[in-house]
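To start, the structure under review is shown below, and the notes come after it.
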Amino acid sequence: MKATNWLTGTSLSITAVLVMPLCIVAFSLFSIDTQLWSHLLNTVFAEYVTNSLILAISVGLGSIVIGSYLAYIMVNYRFIGHRVLSWLILLPLAMPAYIIAYTYTGLLDFTGPVQSTLRQLFSLERGEYWFWDVRSLSGAIIMMILVFYPYVYILARTAFSEQSSSFEQVSALAKRTRWQHIRQVALPLARPAILTGASLAMMEALADYGTVAYFGVSTFSTGIFRTWFGMGDIQGAAQLSTVLCMFVLVLLVIEKRSRKDAQQYQTSLNKKLRAKKTSGVKGIVLCLLCLLPVLFGFVIPFTQLLIWSINYADIGDWPAFFDVVKNSFTLALMGAVIIVIIALIVSYAKRMQLNKIRTHNGLSDKFSPKSVSASERILSLGYALPGIVIAVGVLILSGWFDQNINRLTMTWFDYRPGLILSGGLGALLIAYSIRFVSVALQNTETGMARIPNKVDNAALSLQGSAWTMLRRIHIPMLSGSLISASLLVFVDILKELPATLVLRPFNFNTLAVRAFELASDERLIDAALPAISIVLVGLIPVILLTRQLNKLSA
Amino acid sequence: MFIKPLFKKTAFKKTAFRKAVQTLLLGSLLSCTISQSLAEELNVYSGRQEALIKPLLDKFTEQTGVKVNLVTGKGDALISRLQSEGALTPADLIIMADAGRLTRANELGLLQSIESDVVKKRVPEAFAADNYNWIALTKRARPIMYLKGAIDPGEIDSLSDLGDDKYQSEICIRSSSNIYNQSMVASLILLQGEEKTLDWAKDLVENFARTPKGGDRDQIKALVAGECKLAVANTYYLGGMLDSPDEETRQIAQQVGVIWPDQDSTGVHINVSGAGITKYAQNKDNAQSLLRFMLEEQSQQWYAEINHEYPVIDGVKWSDELLSFGEFKAQEVDLEKMGELNGDALKLMDKAGWR
């Protein structure tokens with residue numbers, strides 16, 4: 001059992017490294033500036049809390065509704081365009097929220113083509129008609145639902161496709177209608193997966209800065225920026241971030257609770273569901289239902305970006321542009337590999353610890369080791385923090401590390417290596433790990449949960465070591481989860497902006513940085529080319545992910 | 001293998017050990033900054049976007065052969081980075097988009113005095129820190145803009161007129177999170193005191209046509225779309241729209257006029273972009289020569305013609321767009337004090353309900 005201890009140790013020390021920057025942020029709580037807080041509480045704090053809550057909850061609910069209906073229809077029915085749709089549905093994943101927000105503003109704003117045409121058609125003036133204001137809280141919610149629903153969809157689709165057809169037969173025998181079956185059997189069984197997806201969407205919503213800032217919605221993340229940049233109060237900003245962290249902890253606890261009593265293992269012996277062939281009007285209706293989210297979440301904004309890039313893009317410097325694409329791609333790839341390995345170690349350590357406790361004490365299935373699962377929860381926090389907050393934690397920490405290493409080498413060897421972590425890709429990769437390890441963990445965790453314990457017991461009884469077992473049993477069985485984890489992380493890093501902006505090395509640009517710099521200067525049209533490139537590069541993993549999913553449910 | 005010599009006693013040398021330590025540290029930690037005073041380089045942290053300074057930096061490299069390495073990003077974040085890197089920082093020069101950030105970096109003790117007589121001669125004292133720890137490179141003005149024909153520009157003399165009841169729901173301005181509004185309000189606090197500024201800000205908020213959203217260009221567009229009659233925006237946004245490659249954008253900008261407020265009193269609000277040499281700069285000479293280069297007439301003209309910013313030295317030709325806005329009297333406030341009041345300005349806007 002030495003390997004288990006070793007594993008737990010590795011897992012805990014990885015957690016420690018990744019948590020340290022967050023701790024630095026949390027340390028701010030020890031020096032509370034009462035003047036600042038009384039100002040915040042009297043003026044803007046309530047708004048931050050309510051807007052953030054409304055945003056996160058609505059995005060969560062919206063993603064649940066859209067993601068699970070799509071997943072259910074795609075798994076259980078075959079209809080016109082099903083194949084094409086299975087490819088299209090995930091595409092919004094490649095679209096950064098801030099880009100879709102910019103695009104829809106261009107389309108739907110007072111000055112945009114839609115309203116202008118309406119005004120011309122009905123010869124209306126300003127104030128004579130009502131039109132939905134995209135740049136509002138409701139607008140932000142809809143933008144985010146449109147790009148975050150795939151999180152729920154991916155997990156829900158896997159969950160639905162693993163449901164055995166015998167469940168349906170039992171429902172039929174009990175004379176349940178289709179709806180009753182969905183409500184009473186299918187949905188409850190898929191609930192853990194759906195909630196996990198929703199919690200990812202909610203955390204993304206809380207961490208978002210680009211969209212809410214552009215839409216003029218005051219949330220925690222805009223508040224953090226204001227306090228830091230406007231008031232120059234980094235302590236205050238860190239304190240606000242800590243409050244945000246607490247929100248997320250509550251969210252995570254709720255999510256874990258809901259998963260706790262739903263640990264069913266599925267064996268491969270179960271008969272897979274057989275999808276119903278549907279044609280005629282019903283088939284068309286289903287097709288349209290599935291098409292809608294893709295249409296608004298991808299097709300329309302993508303077309304708009306395409307038109308802008310074709311008409312206005314400055315195609316001067318292709319080699320430089322290619323460099324930027326290459327940077328983005330390699331960075332995302334490196335990040336994805338590292339993060340997935342971390343997630344694998346942490347989940348596997350948890351599983352091994354569980355096994356050990358089970359064999360020694362014969363505890364029930366529901367027992368979960370405190371230390372490892374706590375570390376897992378803390379690791380998840382990073383996902384909901386605005387990238388810039390994590391960046392600051394990493395900055396301070398890597399600066400401290402570098403100063404001290406230099407001091408040491410100076411006294412011992414009379415030599416100064418200079419900056420090691422700061423200003424290199426190292427710091428950036430640590431920041432990415434903190435921010436996105438949660439995405440990978442969700443995947444490895446759900447994957448691990450699907451491997452029955454008896455597999456481990458069998459392997460252990462054959463005197464297999466923990467490493468052999470990981471290599472020969474768990475990794476092959478998890479390959480699906482590992483692939484989808486790395487693809488999701490890849491896309492996320494590709495889109496990541498604030499941390500990249502602050503931590504990147506000299507002369508190192510990524511597509512997101514390019515797009516943002518231009519878009520933030522309201523040169524949206526110029527930003528269209530890098531923006532559409534993010535989407536195009538992001539499409540590669542999304543397509544791979546789709547193939548993976550299709551294979552699973554085939 | 002680098003580590004092998006360690007185990008042969010005869011071969012043990014300090015240098016070998018150094019090499020081993022270096023290889024281990026650098027290699028294992030994926031570092032890619034070994035920018036330790038290699039010949040003729042200059043490392044710049046810039047709060048201004050790449051597109052706005054890169055062409056000028058390229059020209060500098062062409063002229064002097066000094067390679068300029070660049071990181072762009074949010075000003076405050078880069079200041080934090082500089083701070084955490086301490087004495088080890090590779091950065092020699094910081095370029096920031098406003099006086100507030102420059103002041104903040106200076107307050108944190110991250111800058112050193114620019115000891116160049118040319119620089120001191122070219123930049124008026126009013127556009128530099130007291131000890132010349134930073135200098136302004138360009139000026140940007142923030143006047144009132146209106147839709148030509150919708151309003152008589154003579155109606156408005158002063159920024160304080162925007163609080164007048166007759167402009168109810170007619171004012172477009174961006175969020176208070178934006179540094180331009182923060183420094184504008186900070187300058188007003190300096191000029192007329194906190195109380196009066198708060199009253200004005202409250203009146204102004206009541207006249208907002210919409211909750212603040214978007215950037216300066218967006219306010220200009222809203223003006224033309226009829227969403228409001230008056231807007232506040234920096235001139236270089238309007239200038240940039242006037243020579244935009246997009247026909248529609250140009251048409252929008254052509255319908256907008258500029259009102260220079262407070263011309264008989266304090267003058268229109270201006271801010272600066274500027275630069276400072278870091279305390280631990282390793283390429284100090286190169287940093288100084290870049291500053292000198294940026295203050296040359298040609299470079300200043302580039303700013304004035306391509307970026308539509310006002311040059312910080314006199315006698316430089318403005319772009320046609322800038323000329324069309326006309327001459328103006330600018331505020332004469334202490335830029336450092338204005339920078340220090342940034343946080344107070346934001347709190348004041350919080351109180352006024354300016355989101």
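All chains are named by letter (A, B, ...) in the order of the sequence lines, taking the proteins before the strands, and each is independently numbered beginning at 1.
The CE atom of A:M231 lies 13.0 Å from the CG atom of B:D76; values are rounded to the nearest 0.5 Å. Within the model, atoms OG of B:S84 and CH2 of A:W400 stand 13.0 Å from one another, a figure rounded to the nearest 0.5 Å. We find the CG-CD1 distance between B:L88 and A:I405 to be 11.0 Å, quoted to the nearest 0.5 Å. From B:Q83, atom CD reaches atom CD1 of A:I396 across 8.0 Å, with rounding to the nearest 0.5 Å.
The contact between B:L70 and chain A is made by backbone and side chain atoms together, counting heavy-atom distances below 4.5 Å. For chain A, the nearby parts of B:S177 are the backbone and the side chain; heavy atoms of each come within less than 4.5 Å. Neither the backbone nor the side chain of A:Q115 comes within less than 4.5 Å of any heavy atom in chain B. Contact of A:L397 with chain B is not made at all, since no heavy-atom distance falls under 4.5 Å. Neither the backbone nor the side chain of A:D233 comes within contact range of chain B; no heavy atom of the residue lies under 4.5 Å from a heavy atom of that chain. Interface residue B:A87: only backbone heavy atoms are found under 4.5 Å from chain A. Proximity to chain A is absent for every atom of B:S244, based on heavy atoms less than 4.5 angstrom apart. Contacts between A:N509 and chain B at a heavy-atom distance below 4.5 Å involve the side chain alone, from C-beta outward.
Interface remark: of the candidates B:K347, B:Q182, B:R104, B:K351, B:K347 forms the most heavy-atom pairs closer than 4.5 Å to chain A. Of the listed residues (B:E107, B:K74, B:M241, B:R210), the greatest number of heavy-atom pairs within a distance under 4.5 Å of chain A belongs to B:K74. Put simply, of B:P212, B:A51, B:S80, the one with the most heavy-atom pairs under 4.5 Å next to chain A is B:S80. Considering only heavy-atom pairs separated by less than 4.5 Å from chain A, the leading option among B:T72, B:V68, B:T249, B:V44 is B:T72.
Proximity of a side-chain donor or acceptor of B:K213 to a complementary backbone N or O of A:F215 within less than 3.5 Å is not detected. Side chain of B:R355 to main chain of A:V44: no donor-acceptor pair is present (N/O by atom type, distance under 3.5 Å, no hydrogens or angles). The closest donor-acceptor contact from the side chain of B:N69 to the backbone of A:F506 lies at 3.5 Å or more, if one exists at all. Put simply, the side chain of B:E85 never gets that close to the backbone of A:S422: no donor and acceptor are under 3.5 Å apart.
Annotation: side chain of A:L419 is in contact with side chain of B:P90 (closest heavy-atom distance under 4.5 Å). A 4.5 Å side-chain heavy-atom check between B:K67 and A:N507 finds at least one atom pair inside the cut-off.
Checked for salt-bridge contact, B:D218 and A:R135 meet the test: a charged N lies under 4.0 Å from a carboxylate O. For the pair A:R226 and B:D350, the salt-bridge criterion is met [side-chain N within less than 4.0 Å of a carboxylate O].
Between the side chains of B:R81 and A:S398, no donor N or O sits under 3.5 Å from an acceptor N or O.
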